[in-house]
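Scope of the values below: all heavy atoms of this structure, side chains included, with no hydrogens, waters or symmetry mates.
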Amino acid sequence: MILKNIKELEVFLSIPRNLVVIGHKNPDGDAVGATLGLKHYLDKKGHTVQVLVPNEFPNFLHWLPGVETMYRFDRQNAQCVRSLKKSDMVFLLDFNALHRVGGDMQNTLEKYDNDFTLIDHHQQPDDFTYMYSDTSMSSTCQMVYNFIEMMDDTSLIDKKIATCLYTGIMTDTGSFRFRSTTSKTHRIIANLIDKGAQNERIHSNVNDSNSYGRLLLLGKALQSLKILPEYNTAYITISEKDKKENEYEKGDTEGVVNYALSLKGIVFGVIFIEDEEQGIIKISFRSKGSFSVNQFARRYFDGGGHDNAAGGRSGESMEETVARFKKLLPKYQAELLASYEL
Ligand code: 5GP
Ligand code: MN
């Protein structure tokens, strides 16, 4: 764990400030929950706070309190740049390095004059002035809760803050089932329910908002599922054609990789998704046990993440990407077979 200049940060925040809060590109439940949860808390402390989001995020997060106040960097560029210009400090949540916000926004942030505060649970964070980094944490939302606790402010947590933080912890832990879920996670979740988070409604808002097209796309994805029993590995492919034929919307492929990992005996699940717009194959890696997909993604697919959940990309075609992936597996066979006691 890294705690850097947190006392100084507390002093800095002891008078009203103009603050910007940012999550990573293609934000997930944890990024949106953490940025909005922190914003609602900082608002209550008397600061002026603007949340910036690099690009669009899935519909199943659009109900979160405060979403309507966010500026999208790719759509509301002038407002974003203006907010940054007048800000005293920028919070970076749920990512570990500036390149994770993507091209233009990265360039803008690299020229930023004031300090950054990082709150994040990804491995190998870059260095910033104020830091709270802990890779053992289930989610950045759990860390925002801890941060509020460090500031001695849990009494300020209200229904809005609790709802945002609950959502991010829930989505990043696969509804409290991944290894990073601890008894402390559950205690925090219990506190958030006491503060007004309506757990049944949150689960329903996030999980029961499927479109017909999304389910058809899932069907198509499952048909593509391939099992490599000699490596305890399974993978799924989704092409641009699959997306187009099933009225693809942002977020529709979220969580699909978990079906590969849900097969009995599988410890390494992968999904390859063709992205015409970016001209890449976007890859999600998931594992059970000791096999580190963070290292695998970093080493071979220009990505990273956590030990059991990481992402990456390939500039090659789908066929070439899958072929390259399959060629790498023999090297990891012993590790994959020993990864998890089933
Ligand atoms: P997902 O597969 O859901 O896109 O990402 C899984 C995890 O890996 C998330 O925590 C995400 O932040 C991280 N991740 C995804 N893509 C990348 C990437 O290209 N680089 C790094 N460093 N992390 C990534
Ligand atoms: Mn996260």
Side-chain angles (χ1 to χ4, degrees), residues 20-43 49-76 80 91-95 100-102 105 119-122 138-145 158-178 189 192-193 196-215 217-218 243 247-258 271 273 282 284 305 309 311:
V20 164
V21 180
I22 300 177
H24 56 78
K25 191 174 175 191
N26 300 323
D28 56 7
D30 193 28
V32 181
T35 50
L36 288 174
L38 183 68
K39 174 205 155 50
H40 294 312
Y41 160 67
L42 293 170
D43 277 347
V49 190
Q50 181 60 51
V51 176
L52 308 185
V53 60
N55 61 342
E56 70 179 319
F57 53 87
N59 281 331
F60 63 78
L61 298 171
H62 281 219
W63 59 275
L64 278 164
V67 159
E68 66 289 350
T69 69
M70 296 168 120
Y71 289 147
R72 259 179 68 175
F73 198 88
D74 61 347
R75 286 263 174 94
Q76 292 149 299
C80 290
F91 279 89
L92 308 173
L93 300 191
D94 201 36
F95 63 102
R100 295 279 294 121
V101 298
M105 192 169 183
I119 303 179
D120 178 50
H121 65 143
H122 293 89
S138 72
S139 53
T140 301
C141 280
Q142 182 169 341
M143 301 179 72
V144 170
Y145 182 96
D158 57 13
K159 182 175 174 173
K160 277 199 294 192
I161 300 171
T163 300
C164 293
L165 299 185
Y166 185 105
T167 302
I169 297 174
M170 179 190 96
T171 54
D172 252 29
T173 58
S175 296
F176 320 114
R177 58 185 285 252
F178 298 152
I189 282 295
L192 294 175
I193 292 172
Q198 291 179 286
N199 47 325
E200 185 209 357
R201 190 172 291 188
I202 295 172
H203 284 265
S204 181
N205 285 350
V206 171
N207 296 313
D208 307 336
S209 61
N210 283 323
S211 65
Y212 184 56
R214 185 181 187 192
L215 292 189
L217 184 62
L218 173 62
K243 290 190 198 169
E247 290 159 32
Y248 170 80
E249 283 177 51
K250 189 92 179 170
D252 280 357
T253 58
E254 203 84 11
V256 176
V257 62
N258 293 317
I271 188 166
I273 303 170
K282 174 81 182 84
S284 289

Side chains of V32 and V53: closer than 4.5 Å at any heavy-atom pair?
no
Can you list the residues that meet the salt bridge (charged side-chain N to carboxylate O under 4.0 Å, His left out) rule with R72, with sequence neighbours excluded?
D74
Look up atom CD1 in I189 and atom OG in S138, then write down how far apart they are to the nearest 0.5 Å.
8.0 Å
Under 6.0 Å from the CD atom of E200, do we count more than 12 heavy atoms belonging to anything else shown?
no
With rounding to the nearest 0.5 Å, note down the distance linking CZ in R214 to OG in S209.
6.5 Å
Non-hydrogen side-chain atoms of D252 and K243 separated by less than 4.5 Å:
no
Are T167 and L61 close enough that some pair of their side-chain heavy atoms sits under 4.5 Å apart?
yes
If you round to the nearest 0.5 Å, how far is CG of N210 from CZ of F60?
9.5 Å
For a side chain to side chain contact (heavy atoms under 4.5 Å, CB included) check, start with the C-alpha distance between V67 and F57, then their side-chain angles and the critical distance, and finish with the verdict.
CA-CA 10 Å; V67 159; F57 53 87; 3.9 Å; yes
K250 vs N26 side-chain heavy atoms within contact, under 4.5 Å
yes
Dump the intermediate steps for side chain to side chain contact (heavy atoms under 4.5 Å, CB included) on T35 and M70, then the final yes or no.
CA-CA 10 Å; T35 50; M70 296 168 120; 3.9 Å; yes
Test of understanding: with ring pair (Phe, Tyr, Trp, His ring centres under 6.0 Å), list the residues that count as partners of F91, not counting sequence neighbours.
none
Check whether any side-chain heavy atom of P65 lies under 4.5 Å from a side-chain heavy atom of C164, and answer yes or no.
yes
List for me each residue that meets side-chain hydrogen bond (donor to acceptor under 3.5 Å, both in side chains) alongside D120, sequence neighbours excluded, and say none if there are none.
H122
Taking ring pair (Phe, Tyr, Trp, His ring centres under 6.0 Å) as the test, write out the residues that go with H121, two or more places apart.
H306
Taking the side chain as every heavy atom from C-beta outward, state whether F95 and I22 have any pair of such atoms under 4.5 Å apart.
yes
Pairs where residues 23-42 contributes a residue and the test salt bridge (charged side-chain N to carboxylate O under 4.0 Å, His left out) is met, not counting sequence neighbours:
K39-D43
So which heavy atom on L52 is nearest to which on C80, and how close?
CD2-SG, 3.8 Å
Show every salt bridge (charged side-chain N to carboxylate O under 4.0 Å, His left out) that has at least one partner inside residues 51-61, sequence neighbours left out.
none
Is it the case that the ring center of H203 lies less than 6.0 angstrom away from the ring center of Y166?
yes
Rounded to the nearest 0.5 Å, how far does OG1 of T163 lie from CG of L64?
8.0 Å
For H24, run the side-chain hydrogen bond (donor to acceptor under 3.5 Å, both in side chains) check against D94, N55, T140 and tell me which one passes.
D94
Let's go through I161 and Y145 carefully: what are the C-alpha distance in whole Å and the side-chain angles of both, what is the deciding distance for side chain to side chain contact (heavy atoms under 4.5 Å, CB included) to 0.1 Å, and is it a yes or a no?
CA-CA 9 Å; I161 300 171; Y145 182 96; over 6 Å; no
E254 and T171, any side-chain heavy atoms less than 4.5 Å apart
no
Could you go step by step and tell me if V51 and L36 meet the side chain to side chain contact (heavy atoms under 4.5 Å, CB included) rule?
CA-CA 7 Å; V51 176; L36 288 174; 4.2 Å; yes
May I ask you to test the I169-S139 pair for a side-chain heavy-atom distance under 4.5 Å?
yes
